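Working notes, structure below.
The residues of the chain are indexed from 1 along the displayed sequence. Just so you know, these numbers come straight off a predicted model, no measurement behind them.
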Amino acid sequence: MDQISFHHNSVLSDVHLLLPNAQHLMTRLNQVGQPVFISKFKILSDGERQDSNDPEKCKGKDEDEGVVGNMEPVVDEDGDLDITRRLQKNPMVDIGRDLVCPIILKQTNPALEQEEENTNGEVKYFKDTIRIEHTMATPLEDVGKQIWRGAFLLADFIFSKPFMFKGATVLELGAGTGLTSIIMATIAKTVYCTDVGEDLLSMCKRNVILNSHLMEPSGGEVKVRQLDWLQHDLCTDADMEFSWTEEEVVEVYNNTSFIIASDVCYDDDLTDGLFRTLYRLCNNFLHNCTILISIEKRMNFTLRHLNVSCKAYDHFSHCLAQLQDRVDGKCSFRVEQLPSDFPQFLSYERIEQLSRGL
């Protein structure tokens, strides 16, 4: 098996597809027969870090891209606009969008992975690397099993504000593969990593175990729990895996300082459920809570409007405005869009369509 065959209803996450030099090792098939990969994402050192506030690193960007200010438009002999195409860069040198089919390098073996961890060289390497199990192509209802840019952007923000989250109790909604919960647990005290679906939560739990060494220095802990946005209460049924204990429910309502979520607006019904959950949780908290949401505006061309639009993001913005305008004497919300000019701590493609809200 050298390549993955994508079906017409497959949704692709292109975070790992745009890393031609990264390793994506197939580990197993999950309960529904989807190939599960493990990818390694490097945590950038100070010298490698990309800081958008550093003028020296941004200097000459326009020149490199061949952009010259105040140029007159060029037209052909018929008066049509003549556009000069930018030269295609070498995809092995610069991250491009031509790589649309992931290649399975090899099928890994858990025993071999353990052996690698026990060697001196690999232990040193894993200290600055986060390893995540994920899928590469799924139906829409399973997109939480993939890796999305919004999770990396939120992780960058967490890394850039360590004093904000130090010792905090944090709740993540729609955690997916658990990447941001793991990053948060390198700073915070307790992170409740929540989503829905036994297969997805099992994958998330495996990722927490894979990266436990990253959390050990701070003593942070990740607890993987089920939280369904379409249900009214936290599941406390002891017979169900990933259920909550009564003590955990009390701790969440009493101590949660931050709620985080990334890439959670792709279905309008789920977006409605997200905001109902946010309101219900905050209405039961004993103190103020900061909500951090990171999303990517995914633009699509629609035949209905014959234009490019982002309906999922528009609905998300509408719900956000409704939440801010809600006045019922119980709790209130203030919405603010934060700048995304903080340094980049992880290796991925940060694009203009990424945004963050508070």
Side-chain angles (χ1 to χ4, degrees), residues 144 148 150-151 153-158 160-161 163-176 180-181 183-184 187-196 225 227-234 244 248-298 310-342 353-358:
W148 301 98
L153 184 71
L154 186 54
D156 281 343
F157 182 79
I158 294 168
S160 69
K161 306 287 186 182
F163 295 106
M164 177 185 292
F165 304 107
K166 187 174 179 60
T169 297
V170 181
L171 171 65
E172 181 173 11
L173 302 179
T180 48
S181 283
I183 296 298
M184 178 64 82
I187 302 171
K189 178 183 177 182
T190 305
V191 181
Y192 288 95
C193 176
T194 70
D195 215 308
V196 64
R225 296 292 181 265
L227 199 161
D228 190 343
W229 302 344
L230 305 182
Q231 300 294 327
H232 293 290
D233 299 310
L234 302 179
W244 299 72
E248 290 171 345
V249 173
V250 172
E251 182 185 14
V252 163
Y253 287 141
N254 291 352
N255 300 327
T256 298
S257 302
F258 297 93
I259 296 177
I260 61 174
S262 61
D263 278 320
V264 287
C265 64
Y266 57 89
D267 178 272
D268 288 354
D269 291 336
L270 288 179
T271 300
D272 292 338
L274 168 67
F275 279 93
R276 284 194 296 267
T277 299
L278 287 174
Y279 179 80
R280 184 172 66 252
L281 288 170
C282 293
N283 196 39
N284 286 284
F285 286 166
L286 297 182
H287 51 77
N288 292 339
C289 176
T290 300
I291 304 169
L292 298 165
I293 302 177
S294 172
I295 58 177
E296 179 181 345
K297 302 177 185 177
R298 295 181 178 85
C310 185
K311 303 301 293 182
Y313 180 79
D314 292 342
H315 184 71
F316 173 84
S317 300
H318 174 71
C319 292
L320 202 61
Q322 285 187 320
L323 188 67
Q324 180 174 234
D325 295 339
R326 185 171 188 134
V327 179
D328 57 10
K330 296 181 179 179
C331 58
S332 61
F333 296 84
R334 179 174 62 87
V335 176
E336 176 186 353
Q337 183 164 345
L338 301 178
S340 54
D341 56 356
F342 42 86
Q353 287 73 28
L354 287 169
S355 63
R356 301 190 65 265
L358 170 64

Taking all heavy atoms of Glu251 and all of Thr169, pick out the closest pair and write down the distance.
OE2-OG1, 4.0 Å
So, taking the atom named NE2 in His287 and the one named CG in Asn254, what distance separates them when rounded to the nearest 0.5 Å?
7.0 Å
Please identify each residue that fulfils side-chain hydrogen bond (donor to acceptor under 3.5 Å, both in side chains) with Asp272, with sequence neighbours left out.
His315
Should Leu154 and Ile183 be marked as a side-chain contact (heavy atoms from CB on, under 4.5 Å) after you check the CA-CA gap, both sets of side-chain angles, and the distance that decides it?
CA-CA 9 Å; Leu154 186 54; Ile183 296 298; over 6 Å; no
State the OG1-CG distance between Thr277 and Asp228, to the nearest 0.5 angstrom.
8.0 Å
Qualifying residues under ring pair (Phe, Tyr, Trp, His ring centres under 6.0 Å), relative to Phe316, sequence neighbours excluded
Phe275
Between Arg280 and Asn283, is a side-chain contact (heavy atoms from CB on, under 4.5 Å) present by the stated rule, with each step listed?
CA-CA 5 Å; Arg280 184 172 66 252; Asn283 196 39; 5.7 Å; no
Just by modelled atom types, is the Glu296 backbone N or O under 3.5 Å from a matching donor or acceptor in the Asp263 side chain?
yes
Got more than 12 heavy atoms from elsewhere within 6.0 Å of CG, Asp325?
yes
Name all residues meeting the side-chain hydrogen bond (donor to acceptor under 3.5 Å, both in side chains) criterion together with Thr180; count only those two or more places apart in sequence or in a different chain, and write none if there are none.
Glu172
Minimum heavy-atom distance between Thr271 and Val264, given as atom pair plus value
OG1-O, 4.0 Å
Closest approach of Cys265 to Tyr313 (non-hydrogen atoms, all atoms of both residues)
SG-CA, 4.5 Å
With sequence neighbours left out, write down each residue that passes side-chain contact (heavy atoms from CB on, under 4.5 Å) with Ala188, or none if nothing qualifies.
Val170, Met184, Val191
Give, for atom CG of Leu323 and atom SG of Cys331, the distance between the pair rounded to the nearest 0.5 Å.
7.5 Å
Keeping Ser294 on the side-chain end and Gly150 on the backbone end, is there a donor-acceptor pair under 3.5 Å?
yes
Inspect the surroundings of NE2 in His232 and state if more than 12 heavy atoms from other residues, nucleotides or ligands are less than 6.0 Å away.
no
Name all residues meeting the side-chain contact (heavy atoms from CB on, under 4.5 Å) criterion together with Lys166; count only those two or more places apart in sequence or in a different chain, and write none if there are none.
Ile187
Measure the spacing between CG of Leu292 and NZ of Lys161 and express it to the nearest 0.5 Å.
11.0 Å
Going from CG on Leu278 to CD1 on Ile291, what distance comes out if it is rounded to the nearest 0.5 angstrom?
4.5 Å
How close do Gly273 and Leu230 get, heavy atom to heavy atom, and via which atoms?
CA-CD2, 4.3 Å
So, using salt bridge (charged side-chain N to carboxylate O under 4.0 Å, His left out) as the criterion, who are the partners of Glu248 when residues are at least two apart?
Lys223, Arg225
Leu153 and Ser340: which non-hydrogen atoms are nearest, and at how many Å?
CD1-CB, 4.4 Å
Who are the side-chain contact (heavy atoms from CB on, under 4.5 Å) partners of Val249, not counting sequence neighbours?
Leu234, Thr236, Trp244, Tyr253
Taking only residues two or more places apart in sequence or in another chain, which ones pass side-chain hydrogen bond (donor to acceptor under 3.5 Å, both in side chains) with Gln231?
none
Could you tell me which residues satisfy side-chain contact (heavy atoms from CB on, under 4.5 Å) with Ser160, sequence neighbours excluded, listed by chain and number?
Phe157, Phe342, Pro343, Phe345
Would you check, one step at a time, whether the test side-chain contact (heavy atoms from CB on, under 4.5 Å) holds for Leu320 with Phe333?
CA-CA 9 Å; Leu320 202 61; Phe333 296 84; over 6 Å; no
Which pair of heavy atoms, one from Phe285 and one from Val252, lies closest together, and at what distance?
CE2-O, 3.5 Å
Please enumerate all residues that pass salt bridge (charged side-chain N to carboxylate O under 4.0 Å, His left out) together with Asp195, with sequence neighbours excluded.
none
With rounding to the nearest 0.5 angstrom, report the CD to SG distance, Gln324 to Cys319.
13.5 Å
